[in-house]
Amino acid sequence: MKTIIEPFRIKAVEPIRMTTREERVKLIRDADYNLFALQSDDVLIDLLTDSGTGAMSAAQWAAIMRGDESYAGSPSFYRFEAAVKDLMPFKHVIPTHQGRAAEAILFSILGGQGRRIPNNTHFDTTRGNIEASGAEAVDLVIDEGRDPRSTHPFKGNMDLDRLRAFLADNHGSVPCVMMTITNNAGGGQPVSLENLRAVAAIAREFDKPFIIDGCRFAENAWFIREREPGQGERGIRAIVRDCFEVADAMTMSAKKDAFGNIGGWLALNDDDMAEAARATLIRTEGFPTYGGMAGRDLEALAQGLAEIVDEHYLRYRIRTNAYVVERLDALGVPVVRPAGGHAVFVDARAWLPHIDPLAYPGQALAVALYEVGGIRGCEIGTVMFGRHPAGTETPAAMDLVRLAFPRRTYTQSHADYLIEVFEEVARVKDGLPGYRITWEPALMRHFTCRFERVEAGAGQGA
Ligand SMILES: *Cc1c(COP(=O)(O)O)cnc(C)c1O
């Protein structure tokens, strides 16, 4: 059969509060044109993030009722630990409330002034935790990974020559080598098993621990199966185990590929490091058999890990993004290709050339998608990255809008509606206004800044 169906039925539903275009024009104006300031009830299709926003299965909800809230030694912890070790054969599993808590603990041990940590591309919380420790975060992804037009099958791969040179030049100051699968900050692009193994071998050669940020390990394994020579006949579980077998440690946000609404972990093999990590865990998160989670969360994640490696789910999951990318491409909307695992990225700077990068074409497109269709995406461009600590501003490398898909939450007709919204935006796009920031905080301004509209070349506004 050609049609890939959602491999689930719907048992519980959440109604979407319908709004009109007129209402949304007023709502976003009242939010000072910042999509983070909207109430989520005022959004029809929320593609702000895929983090913690997915649907849990009936089996996960059932597992929640089994959650044992004992402070120490809860059977829920042992089920969670077994589910992690079944996929990721690490000796120690340390539960945390989110991925960033695992990072904070890890870099309280490995970070520090003068240290430099390479990765394909650090995710922003990883970078934040490294920099907060005084260390430097260095991105060494292959050149194709920075080119939105490149169709390389593994755009998340590490540049091996640059990694080797980096380790040779900085040998004394590098505490570990990291790899993020899939490469979230680089568009959800996958890393090949061959590249992971090569990075692990280089790390070993320089005697450095190799650490995987594994948030989207199952999506990455699907891409390996689909695209890597010799992997096509293999099971997802076997590929996942191969990925983690070559690593010394991992960090995880269970809000991604563990089907959780909250949770995370740090897993590692080294006994001394595990002892240091547990000491920090007890001080900042909780006792080692619950960390930052309730027993019921641990149960939901144990079940979620069993479900996420299902081939039928992953085929549907990855196909959803590819479908949206193909349809947008056919409409002439410039999109980052090939489709990543969890999101579609639209090149707003290329699509809205009449808006100067310093008038935020990504923001202009994100606001238009909301006004026209009630879609909430996220600007990833000059609003997010353009401001420097000195207070100056320059255009970011790209002005993108990210449409991230929550897991098992929306259906094919939501995707078709999204395409229709783009058709309508295509009709009015040459008249869309730019934006100016009227207030911003000192750090991470995109979450809370306020905007007003400015004329941008051709038009006077939608
Ligand atoms: C989400 C994410 C994190 C941080 O996890 P949280 O659970 O949001 O704290 C770290 N790395 C990557 C690649 C992520 O996508």
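Both counts, for ligands and for their atoms, begin at 1 and track the order of listing. We number each residue from 1, following the sequence as shown. Because only heavy atoms are used, hydrogens play no part in the values below, and waters and symmetry mates are left out as well, while side chains stay in.
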**Q** Identify all side-chain donor-acceptor contacts of residues 104-114 below 3.5 Å with residues at least two apart in sequence or on another chain.
**A**
| from | atom 1 | to | atom 2 | distance (Å) |
| --- | --- | --- | --- | --- |
| Ser108 | OG | Ile105 | O | 2.6 |

**Q** At a 4.0 Å threshold, what atoms of ligand 1 neighbour a non-hydrogen atom of Thr180?
**A**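 Going through ligand 1 atom by atom, the ones under 4.0 Å from Thr180 are 13 (C).
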
**Q** Counting non-hydrogen protein atoms only, what is the nearest one to atom 8 (O) of ligand 1? Give residue, atom name and distance.
**A**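 Closest protein heavy atom to atom 8 (O) of ligand 1: Arg100 NH2, 2.9 Å.
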
**Q** Are the ring centres of Tyr290 and Tyr71 closer than 6.0 Å?
**A**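 Distance test on ring centres: under 6.0 Å, yes.
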
**Q** Quick one: does Asn184 get an N or O within less than 3.5 Å of an N or O on ligand 1?
**A**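 Such a contact does occur with ligand 1.
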
**Q** Pull out every atom of ligand 1 sitting under 4.0 Å from any heavy atom of Thr125, numbered as shown with elements.
**A**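 With Thr125 as reference, the close atoms of ligand 1 come out as 3 (C), 4 (C), 10 (C).
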
**Q** State plainly whether the residues Arg66 and Glu299 are in salt-bridge range, i.e. N to O under 4.0 Å.
**A**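 A salt bridge is present here (some side-chain N lies under 4.0 Å from a carboxylate O).
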
**Q** Looking at ligand 1, would Cys215 count as a contact under a 4.0 Å heavy-atom criterion?
**A**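 Judged by the 4.0 Å heavy-atom criterion, Cys215 does count as contacting ligand 1.
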
**Q** Starting from atom 6 (P) of ligand 1, locate the nearest protein heavy atom and write down its residue, its atom name and how far away it is, to 0.1 Å.
**A**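 It is Gln98 NE2, 3.3 Å.
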
**Q** Checking Phe447 against Phe36 for the ring-ring contact (aromatic ring centres under 6.0 Å, His included) test, could you report, in this order, the C-alpha distance in whole Å, the side-chain angles of both residues, the deciding distance, and whether it holds?
**A** CA-CA 6 Å; Phe447 289 121; Phe36 285 97; 5.0 Å; yes

**Q** Just jot down the ligand 1 atoms closer than 4.0 angstrom to any heavy atom of Lys255, in number order.
**A**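 Counting atoms of ligand 1 from 1, those under 4.0 Å from Lys255 are 7 (O).
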
**Q** Using a strict 4.0 Å threshold on nitrogen-to-oxygen distance, state whether Arg225 and Glu311 make a salt bridge.
**A**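 Looking at Glu311 together with Arg225, the answer is yes, because their closest N to O distance falls below 4.0 Å.
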
**Q** Show the atoms of ligand 1 that are less than 4.0 angstrom away from any heavy atom in Asp213.
**A**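 Under 4.0 Å from Asp213, ligand 1 has these atoms: 10 (C), 11 (N), 12 (C), 13 (C).
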
**Q** Among all protein heavy atoms in this structure, tell me which lies nearest to atom 5 (O) of ligand 1, with the distance rounded to 0.1 Å.
**A**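 Nearest neighbour among protein heavy atoms for atom 5 (O) of ligand 1, to 0.1 Å: Ser253 CB, 3.2 Å.
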
**Q** Run the numbers for me: atoms of ligand 1, each under 4.0 Å from some heavy atom of Glu103, listed by number.
**A**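 Answer, ordered by atom number: 10 (C), 11 (N).
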
**Q** Show me which atoms of ligand 1 lie under 4.0 Å from any heavy atom of Arg216.
**A**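 Per the distance check, 15 (O).
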
**Q** Which residue and atom name correspond to the protein heavy atom nearest atom 2 (C) of ligand 1, and how close is it?
**A**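 Atom 2 (C) of ligand 1 sits closest to the protein heavy atom Lys256 NZ, 2.4 Å.
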
**Q** Describe, in one word, how the ring planes of His414 and Tyr410 are oriented to each other, choosing from parallel (under 30°), tilted (30 to 60°) and perpendicular (over 60°).
**A**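 Rings of His414 and Tyr410: perpendicular, as their planes differ by over 60°.
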
**Q** Consider every N or O of Gly263 and every N or O of ligand 1, then say whether any pair is closer than 3.5 Å.
**A**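 So ligand 1 has no N or O lying under 3.5 Å from an N or O of Gly263.
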
**Q** Is it true that His342 and Phe405 have ring centroids separated by less than 6.0 Å?
**A**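 No, they do not, as the ring centres are separated by 6.0 Å or more.
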
**Q** Kindly state whether the ring of Phe259 and the ring of Tyr313 have centres lying under 6.0 angstrom apart.
**A**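 Yes.
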
